[in-house]
Amino acid sequence: MFASPMPTTANRIAKNLSRIRQEISDACQRVGRSPDSVEIVAVTKSVDIPAIKNCLKAGLVNLGESRPQQLAERFGQLDEYLHQRHDALQNEVKWHMVGHLQRNKVKQALTAADVIHSVDSLRLAEEISTRAEADERVVDIMLQVNCSQEDQKFGCAVGAATHLGEMICSMRSVRLTGLMTMGPVSEDPEQTRRAFIRLREIFEEMKHDKIGGDGFAHLSMGMSGDYAIAVEEGATIVRIGTALFG
Ligand SMILES: *Cc1c(COP(=O)(O)O)cnc(C)c1O
């Protein structure tokens with residue numbers, strides 16, 4: 001009369017997820033937001049396919065990768081599995097390209113990505129739009145802003161974001177859905193908070209200037225070490241790897 005035990009990795013992911021959800025919900029409560037306004041992207045770059053399947057079983061359908069080649073590979077492998085299941089899940093799974101993207105990798109990224117979080121230049125946005133147009137589709141993209149102003153980080157400069165966003169909105173085959181940033185490497189939570197506040201301020205400024213339509217609605221900020229702060233400062237998408245799979 002023993003129930004068959006869940007595999008331990010599935011157990012661990014489910015447990016981690018419930019802790020993360022609780023922390024998100026606590027952070028939301030502190031600032032009067034609804035927990036439903038925060039979406040989790042499971043960043044799968046350092047785990048294997050069985051772990052990704054467990055992630056889907058735990059109810060996470062937004063998956064993120066940081067390199068175009070791995071994104072394309074994983075997409076292919078998982079698509080096959082989802083096909084065999086013949087259920088609604090196939091239509092729900094969304095792949096997010098969260099890492100730095102070079103123009104010569106756009107084609108590959110577009111074979112798999114539903115959303116690209118890491119657009120940080122006009123030329124990159126143009127390349128995505130041109131490729132998307134050739135495929136007769138419109139791709140959701142986010143503008144990555146270097147809010148911590150650290151030299152080694154990707155993302156456009158804070159002062160360039162609004163103008164860049166405006167230019168992107170004039171392109172035919174991309175849709176600007178929000179802004180993305182990476183928190184600083186700093187251990188100082190207040191420095192992290194300032195970077196997230198800055199992203200929100202740029203977002204609000206753009207909204208005020210009527211840049212981006214109704215679809216311009218997201219702040220992608222917060223990773224394993226700083227998602228609670230990000231949620232307090234308005235994140236609608238958190239990108240989590242280690243805290244989920246570790
Ligand atoms: C790896 C990665 C994440 C997730 O990082 P964790 O610290 O493992 O949660 C989020 N965003 C980007 C862009 C990443 O490359």
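Numbering of ligands and ligand atoms starts at 1, following listing order. Numbers here simply count residues along the sequence, with the first being 1.
- A donor-acceptor contact shorter than 3.5 Å links the side chain of R198 to the backbone of C147.
- The closest approach between M182 and ligand 1 falls below 4.0 Å for a heavy atom of the residue.
- Listed by number with element, the atoms of ligand 1 under 4.0 Å from a non-hydrogen atom of S224 are 6 (P), 7 (O), 8 (O), 9 (O).
- Near I240, with a cut-off below 4.0 Å to any heavy atom, the atoms of ligand 1 are 9 (O).
- No N or O atom of V98 sits closer than 3.5 Å to an N or O atom of ligand 1.
- Here the heavy atom of the protein found nearest to atom 5 (O) of ligand 1 is M223 CE, 3.8 Å.
- Close contacts of ligand 1 with T242, meaning ligand atoms under 4.0 Å from a residue heavy atom, involve 6 (P), 7 (O), 8 (O), 9 (O).
- Evaluated by nearest non-hydrogen atom to atom 14 (C) of ligand 1, the leading choice among H96, R67, H117, K45 is K45.
- Donor-acceptor pairing under 3.5 Å is lacking for the side chains of T177 and D140.
- The part of S66 lying near ligand 1 is the side chain, judged by heavy-atom distances below 4.0 Å.
- In this structure a side-chain-to-backbone donor-acceptor pair under 3.5 Å is missing from N62 to H96.
- Scanning the protein heavy atoms around atom 11 (N) of ligand 1, the nearest turns out to be R239 NE, 2.9 Å.
- Formation of a donor-acceptor pair under 3.5 Å by the T236 side chain with backbone atoms of S37 is not found in this model.
- Rounding to the nearest 0.5 angstrom, the gap separating the NE2 atom in H100 from the OG atom in S66 is 11.5 Å.
- S224 places a side-chain N or O within donor-acceptor distance of the main-chain N or O of A243, the cut-off being under 3.5 Å.
- Going from atom CZ of R175 over to atom CZ of F216 covers 12.0 Å, rounded to the nearest 0.5 Å.
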